[in-house]
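When reading the values below, keep in mind they use all heavy atoms of this one structure, side chains included, and skip hydrogens, waters and symmetry mates.
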Amino acid sequence: MPELPEVEVTRRALAEELTGARIEAVVIRVPKLRLAIPSELVELLPGRMLRGVGRRGKYLLLSCGDGWLVIHLGMTGHLRVLPAGTPPGKHDHLDLVFSGDRCLRFNDPRKFGTVFWTTGDPHAHPLLVEIGPEPLGGDFSGDYLFSASRTRTVAVKQLIMKASVVAGVGNIYANEALFISGISPSRPAGSLSREECNRLASTIRTVLQKSIDQGSTIMDFRVAEEPLRYHPLAFRVYGRRGEPCFGCGGKLEEVRLGNRSTVYCPACQR
DNA sequence: AGAATTACCTGAGCGC
DNA sequence: TGCGCTCAGGTAATTC
């Protein structure tokens with residue numbers, strides 16, 4: 001499942017591979033994602049040059065002439081750059097054919113992804129405008145988290161997964177950051193001390209940054225034919241219910257918060 | 001306003 | 001082998 005680090009690694013690879021290339025054709029095979037792929041892309045995009053690739057949370061922002069193609073990979077979305085003419089497979093919903101006989105192909109089995117076109121400032125688009133600070137940016141800090149959580153009764157894990165509070169923190173990294181911070185995911189957000197908010201914010205930053213750094217070395221999706229899967233041992237708590245805590249050896253437990261699987265160590269996280 | 005819930009979708013894993 | 005079931009989860013929309 002693409003989390004922020006994969007989206008960032010994808011952004012870098014896309015930028016490196018396709019910046020300056022011209023879109024020659026657009027093929028929409030399956031428009032019916034959760035939000036439909038607009039059919040106008042077929043007329044809108046050809047002839048435009050990809051000027052650069054940005055990111056806001058988990059949204060990829062492809063600067064194309066005077067507008068932006070915005071792509072969200074959802075749960076199972078995946079982008080690959082393939083030689084033009086590569087036969088499409090199952091769930092290959094969208095192709096952007098670029099100059100140099102390259103095809104940017106969007107595949108998404110569960111169709112939770114999103115593709116749309118916007119002109120002007122993409123950050124002002126209704127789907128992006130309410131998003132909170134970037135976790136790796138200067139506006140996200142312990143002080144910010146402290147003030148954003150004061151009146152909140154919801155579990156801290158749900159708070160840090162809320163896009164309007166901080167951008168792009170998904171279930172995996174919420175679990176991991178809370179474990180590393182030693183904070184129980186069920187704690188009411190407003191009960192965290194300033195010191196705990198500092199620790200949590202700082203951990204969110206480092207855990208995401210580390211994953212980006214590692215991903216950058218192994219995720220060469222320009223040649224990869226298959227979506228990269230997480231190594232089962234890559235995480236300290238996520239996916240490890242019932243297994244021993246790496247800190248104390250005790251058994252990791254699972255609760256559901258906001259209908260999301262939450263794994264934690266009852267001894268190490270308070 | 002904040003919290004809770006639902007909808008969207010298919011592959012994987014399971015019991016039988 | 002295959003059927004039916006449950007689970008996984010990001011985000012928008014809806015409801016309370």
Side-chain angles (χ1 to χ4, degrees), chain A residues 1-8 10-11 29-38 55-61 70-79 88-94 106-116 118 122-132 134-135 145 147-178 185-192 204 208 211 226-232 234-235 237-242 252 254-264:
Chain A
M1 53 223 64
E3 289 259 355
L4 187 142
E6 289 96 304
V7 177
E8 174 59 19
T10 299
R11 184 197 70 73
R29 295 189 193 82
V30 181
K32 289 192 72 172
L33 308 185
R34 192 169 53 83
L35 304 178
I37 300 177
R55 178 182 61 76
R56 182 76 176 99
K58 296 180 193 163
Y59 286 94
L60 288 165
L61 312 174
V70 182
I71 301 177
H72 195 293
L73 300 176
M75 277 294 302
T76 51
H78 180 238
L79 289 169
K90 210 174 179 183
H91 310 305
D92 284 338
H93 305 318
L94 171 71
F106 174 69
N107 177 287
D108 185 6
R110 291 186 197 172
K111 300 181 181 170
F112 279 13
T114 307
V115 178
F116 63 90
T118 186
H123 299 99
H125 186 277
L127 292 184
L128 304 190
V129 73
E130 305 284 350
I131 298 177
E134 285 293 321
L145 192 56
S147 75
S149 60
R150 287 312 82 192
T151 62
R152 311 298 290 268
T153 58
V154 73
V156 60
K157 173 163 179 272
Q158 291 172 269
L159 188 80
I160 62 175
M161 287 180 67
K162 206 171 160 51
S164 57
V165 172
V166 54
V169 177
N171 195 38
I172 292 176
Y173 291 102
N175 277 301
E176 296 296 297
L178 285 160
S186 314
R187 287 265 302 278
S191 76
L192 268 67
I204 288 171
L208 291 172
S211 181
E226 292 300 321
L228 191 102
R229 298 251 166 244
Y230 282 114
H231 192 277
F235 304 113
V237 286
Y238 178 79
R240 298 193 61 243
R241 169 185 56 178
L252 298 178
E254 176 171 8
V255 290
R256 295 193 77 79
L257 293 173
N259 214 21
R260 289 293 172 266
S261 153
T262 305
V263 185
Y264 68 106

Problem - Interatomic distance, A:Asn171 atom CG to A:Leu257 atom CG [nearest 0.5 angstrom] - result: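 If we round to the nearest 0.5 Å, A:Asn171:CG and A:Leu257:CG are 9.0 Å apart.
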Exercise for the section: Rounded to the nearest angstrom, tell me the gap between atom CG in A:Asn259 and atom C1' in C:dA8. Expected result: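 The answer, rounded to whole Å, is 10 Å.
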Problem - Side chain to side chain, A:Asp108 and A:His91, heavy atoms closer than 4.5 Å - result: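 No, too far: nothing below the 4.5 Å cut-off.
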Exercise for the section: Return the 5'-most residue of the pair A:Lys111, A:Val154 with respect to DNA chain B, ranking by each residue's nearest nucleotide. Expected result: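 Closest to the 5' end, via its nearest nucleotide, is A:Val154.
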Practice task
Please determine, for the side chain of A:Arg110, which listed nucleotide (C:dT11, C:dA8, B:dG2) has the closest atom?
Solution key: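 Of C:dT11, C:dA8, B:dG2, C:dA8 is nearest to the side chain of A:Arg110.
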Practice task
Measure the distance from CZ on A:Arg55 to P on C:dG10 and round it to the nearest whole Å.
Solution key: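 Computing the A:Arg55:CZ to C:dG10:P distance gives 16 Å.
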Practice task
For side-chain contact (heavy atoms from CB on, under 4.5 Å), just list the numbers for A:Leu35 and A:His72, CA-CA rounded to whole Å, side-chain angles, deciding distance to a tenth of an Å, and then say yes or no.
Solution key: CA-CA 11 Å; A:Leu35 304 178; A:His72 195 293; over 6 Å; no
Exercise for the section: Evaluate side-chain contact (heavy atoms from CB on, under 4.5 Å) for A:Arg56 paired with A:His123, printing each intermediate quantity in order. Expected result: CA-CA 8 Å; A:Arg56 182 76 176 99; A:His123 299 99; 3.4 Å; yes
Exercise for the section: Take the C1' atoms of the five end pairs on each side of the helix from B:dG2-C:dC16 to B:dC16-C:dG2, get both axes, and report the angle to 10 degrees. Expected result: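 Here the helix ends are tilted 40° relative to one another.
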Handout entry: Toward the 5' end of DNA chain B, by each residue's nearest nucleotide, A:His91 or A:Arg34
Key =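 Its nucleotide being nearer the 5' end, the pick is A:Arg34.
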Exercise for the section: Please indicate whether A:Arg241 has more than 12 foreign heavy atoms, meaning atoms of other residues, nucleotides or ligands, lying under 6.0 Å from its CZ. Expected result: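 Incorrect, the count does not exceed 12.
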Handout entry: Any A:Tyr173 side-chain nitrogen or oxygen under 4.0 Å from OP1 or OP2 of C:dG10
Key =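 Checking C:dG10 against A:Tyr173, no side-chain N or O comes under 4.0 Å of OP1 or OP2.
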Practice task
Round to the nearest Å and state the distance from A:Ile71 atom CD1 to C:dT11 atom P.
Solution key: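 In whole Å, C:dT11 P and A:Ile71 CD1 are 15 Å from each other.
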Practice task
Answer yes or no: does a side-chain N or O of A:His72 lie under 4.0 Å from OP1 or OP2 of C:dG10?
Solution key: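 Checking A:His72 against C:dG10: no side-chain N or O falls below 4.0 Å of OP1 or OP2.
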Exercise for the section: Check whether any side-chain nitrogen or oxygen of A:Arg260 sits under 4.0 Å from OP1 or OP2 of C:dT11, and answer yes or no. Expected result: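 It does not, given that no N or O in the side chain of A:Arg260 lies less than 4.0 Å from OP1 or OP2 of C:dT11.
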Practice task
Round to a whole Å and report the spacing from CG of A:Asn171 to P of C:dT11.
Solution key: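 Rounded to whole Å, this separation is 11 Å.
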Practice task
Begin from the C-alpha positions of A:Arg55 and A:Glu134 and carry the test side-chain contact (heavy atoms from CB on, under 4.5 Å) through to its verdict.
Solution key: CA-CA 10 Å; A:Arg55 178 182 61 76; A:Glu134 285 293 321; 3.0 Å; yes
Problem - Length of the line joining A:Leu127:CG and B:dC8:P, which is rounded to integer Å - result: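 Checked: the CG to P distance equals 18 Å.
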Practice task
Measure the CG-OH distance between A:Leu178 and A:Tyr173 for me, rounded to the nearest 0.5 Å.
Solution key: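 These two atoms lie 14.5 Å from each other.
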Handout entry: B:dG11 phosphate, OP1 or OP2, under 4.0 Å from A:Lys90 side-chain N/O
Key =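 So the side chain of A:Lys90 is within the cut-off, an N or O lying under 4.0 Å from OP1 or OP2 of B:dG11.
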Exercise for the section: Would you kindly give the CG-to-P distance between A:Leu73 and C:dA8, to the nearest whole Å? Expected result: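 In whole Å, C:dA8 P and A:Leu73 CG are 22 Å from each other.
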Handout entry: Closest listed nucleotide, where the reference is the side chain of A:Glu3 and the choices are C:dG10, B:dG11, B:dG2
Key =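 For A:Glu3, the side-chain atoms sit closest to C:dG10.
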Exercise for the section: Using atom CD1 of A:Ile160 as one end and atom P of C:dT11 as the other, report the distance to the nearest whole Å. Expected result: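 My rounded result for the distance is 14 Å.
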Problem - N or O in side chain of A:Tyr238 less than 4.0 angstrom from C:dA8 OP1/OP2 - result: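 The answer is no; no side-chain N or O of A:Tyr238 sits under 4.0 Å from OP1 or OP2.
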Handout entry: Test log, rule side-chain contact (heavy atoms from CB on, under 4.5 Å), inputs A:Phe116 and A:His125
Key = CA-CA 10 Å; A:Phe116 63 90; A:His125 186 277; 3.4 Å; yes
Practice task
Would you indicate what A:Thr76 reaches in the nucleic acid, counting non-hydrogen atoms under 4.0 angstrom: base, sugar-phosphate, or nothing?
Solution key: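 Here A:Thr76 touches no strand at all.
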Problem - Nearest-Å distance for atom pair CZ/P, residues A:Arg256 and B:dA3 - result: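 Roughly 20 Å, once rounded to whole Å.
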Practice task
Decide, applying a 5.5 Å centre-distance limit and a 30° plane-angle limit (both strict), whether A:Phe112 stacks on C:dT11.
Solution key: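 Taking the rule of under 5.5 Å and under 30°, the ring of A:Phe112 does not stack on C:dT11.
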Exercise for the section: Look at all strands and tell whether A:Ser261 reaches a base, only sugar-phosphate, or nothing, counting heavy atoms closer than 4.0 Å. Expected result: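 Sugar-phosphate: the residue A:Ser261, judged by heavy atoms under 4.0 Å, touches backbone atoms but no base.
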